[in-house]
Amino acid sequence: MSSTKRRIRISRRTAMALATMSVVAAVAGAVPNMATAAGNSSRPTRHAVTQTQNTESASTAPNLRITAAGGVTDQYRRFGHPSAGSVPLVFFQHFRGTLDSWDPQLIDTIAAKREVILVDNVGVGGSTGTTPSTIQQMALDAIDFIDALKLPRYDLLGFSIGGEVAQEVALRRPWQVRRVVLAGTGPQGGVDQRASDPNILQRALKDNPGPEDYLFLFFKPTASSQAAGTKFLQRLGQRTNDHDAPSSLATRDHQLTAWSDWGIPDKSKLVRLKALFQPVLVADGDSDILMPPMNSHLLAKYLPNAQLHIYPDAGHGFLDQYAVKFGTEVNAFLDR
């Protein structure tokens, strides 16, 4: 894997963004004691309920804050170009991921056609509170955030552990969730969802992973996939102000517990998917070593109304490797 050994020039901010990448998604960097930070923006708190078309992008949209049930302050970004008849698309991020961890190219591709809402769930990044240790509680917290925004109808996109949260939200709020996108994720009780390979674990559980770790864990060991991964890492440095706060080691540990519990093999849990009747787009890379694509096949098999797309020559970070292509597919799916 000589391609992973090349020197990669990235900014300090990009390195910090890497430190917030997921253990489920495989990068467990951390900056302790910052889990409940309110972010470093000097902008006043805004409690946005509606949003009209604007010129903000993933690299410029300001951090917004809103108080949800229980007094938790959720940090989020809301922008895009809603069209007639469209509903907002709410994004749930991967383990330890924050607002700054989304690929700007992917988000802007999707936001060109609709309103997008990126959020730090409870205890993550710039949101206050304590990160839960179960996916079910994460879903309830996400619902509290959505209720605070007073969204009557919305779509969901969940990546990795965020896809697990999205499943739970869709199951609990079937009258509100219109369509769902599940990226690099799996069903509760699926197969091989708890990484045991020593090399994967050693890299995934580092407190301060480097770009080489991220390329190994998120991208396939081919020249084309590694090159795409390098470009993605460079794109993470596009945002120059109003950054999110990094996630903490406590968040990592709580989310890791939730992920491990979700991944206990249990075929009886798969029947729950029959109740998720909304149209679902399931997608993954063909060589995902963190969430084996067999789990995407299980989702497509048990969900009543699902379509499956496995991207070639790609790993867990397929949505970053194919940012424009996947973003275009997401828009086409949501516009049907």
Side-chain angles (χ1 to χ4, degrees), residues 46-54 56 58 61-69 72-83 85-95 97-103 106-127 132 135-185 244 276 278-283 319 326-327 330-331 333-335:
R46 280 181 275 179
H47 297 270
V49 174
T50 60
Q51 181 89 2
T52 58
Q53 180 169 317
N54 61 63
E56 299 288 4
N63 294 330
L64 307 174
R65 297 172 186 83
I66 193 166
T67 301
V72 168
T73 298
D74 291 304
Q75 181 158 281
Y76 67 105
R77 294 171 187 159
R78 186 174 185 176
F79 59 99
H81 298 78
S83 59
S86 69
V87 300
L89 176 61
V90 182
F91 287 71
F92 298 140
Q93 185 58 286
H94 60 67
F95 184 76
T98 69
L99 302 178
D100 290 344
S101 303
W102 290 108
D103 187 333
L106 169 67
I107 300 302
D108 287 344
T109 298
I110 297 173
K113 290 290 191 72
R114 59 198 359 93
E115 184 179 26
V116 300
I117 300 174
L118 318 179
V119 62
D120 284 334
N121 214 338
V122 172
V124 179
S127 292
I135 299 299
Q136 290 74 18
Q137 185 58 51
M138 291 177 192
L140 293 174
D141 291 338
I143 289 171
D144 285 343
F145 163 73
I146 291 168
D147 285 349
L149 289 182
K150 303 186 187 304
L151 300 181
R153 192 83 164 145
Y154 48 89
D155 295 325
L156 298 175
L157 187 154
F159 174 34
S160 195
I161 198 172
E164 297 167 4
V165 174
Q167 291 172 57
E168 287 295 309
V169 173
L171 286 168
R172 293 168 185 267
R173 288 293 181 93
W175 65 92
Q176 289 184 325
V177 177
R178 191 185 69 103
R179 288 177 177 252
V180 183
V181 179
L182 300 177
T185 192
D244 198 1
L276 205 165
Q278 298 93 333
V280 181
L281 171 62
V282 181
L319 68 173
F326 181 61
V330 168
N331 277 333
F333 168 73
L334 297 177
D335 285 341

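Keep in mind that this is a model prediction, so the values were computed, not measured. Hydrogens, waters and symmetry mates play no part in the numbers below; they use all other heavy atoms, side chains included.
The side-chain heavy atoms of Q137 and V122, taken from C-beta on, include no pair separated by under 4.5 Å. Looking at N63 and L99, their side chains come closer than 4.5 Å, going by heavy atoms from C-beta outward. Using a 4.5 Å heavy-atom cutoff, the side chains of K113 and S86 are not in contact. Counting heavy atoms from C-beta outward, I143 and Q176 have side chains that stay 4.5 Å or more apart. Between V169 and V90 the shortest side-chain heavy-atom distance does not fall below 4.5 Å. For the pair F91 and I110, the minimum side-chain heavy-atom distance is below 4.5 Å. Residues R179 and Q278 are not in side-chain contact: their nearest non-hydrogen atoms beyond the backbone lie 4.5 Å or more apart. When side chains are defined from C-beta on, F95 does not count as touching E164, because their heavy atoms never get closer than 4.5 Å.
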For this session: Carefully, step by step, assess L151 and F145 under the rule side chain to side chain contact (heavy atoms under 4.5 Å, CB included).
Result: CA-CA 10 Å; L151 300 181; F145 163 73; over 6 Å; no
Exercise. Where do E168 and M138 land on the side chain to side chain contact (heavy atoms under 4.5 Å, CB included) test, with the steps shown first?
Worked result: CA-CA 9 Å; E168 287 295 309; M138 291 177 192; over 6 Å; no
For this session: Just do the side chain to side chain contact (heavy atoms under 4.5 Å, CB included) check on I107 and F79 with the steps written out, would you?
Result: CA-CA 10 Å; I107 300 302; F79 59 99; 3.6 Å; yes
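Taking each heavy atom of P174 and R153 in turn, the nearest pair found is O-NH1, 4.2 Å. Here the closest non-hydrogen pair linking A283 and F326 is CB-CE1, 3.7 Å. Across all non-hydrogen atoms, the minimal contact from A170 to V180 is CB-CG2, 4.0 Å. Of all heavy-atom pairs between A68 and A148, the closest is CA-CB, 4.1 Å. Taking both residues in full, the closest heavy atoms of G97 and V124 are given as O-CG1, 3.4 Å, listed atom of the first, atom of the second, then distance. Heavy-atom minimum distance, A183 versus L319: CB-CD1, 4.4 Å.
In this structure, D120 CG and Q75 CD are separated by 6.0 Å, a value rounded to the nearest 0.5 Å. Atoms OG1 and CG, from T67 and D74 in turn, are 8.5 Å apart once rounded to the nearest 0.5 Å. Note that the CZ atom of R78 and the CG atom of L118 stand 11.5 Å from one another [nearest 0.5 Å]. Distance check, rounded to the nearest 0.5 Å: CD1 of I135 to CD of Q167 gives 9.5 Å. Note that the CZ atom of R65 and the OH atom of Y76 stand 10.5 Å from one another [nearest 0.5 Å]. The distance from the OG atom of S127 to the CG atom of D244 is 7.5 Å, given to the nearest 0.5 Å.
Contact check on D100 versus R77 returns a salt bridge, with a Lys/Arg side-chain nitrogen under 4.0 Å from an Asp/Glu carboxylate oxygen.
In this structure a side-chain-to-backbone donor-acceptor pair under 3.5 Å is present from N331 to T109. Between the side chain of H81 and the backbone N or O of A111 there is at least one donor-acceptor pair closer than 3.5 Å. The backbone N or O of L156 sits nowhere less than 3.5 Å from a side-chain atom of R178 that would complete a donor-acceptor pair.
In this structure, F159 and W102 have tilted ring planes: the angle between them lies in the 30° to 60° band.
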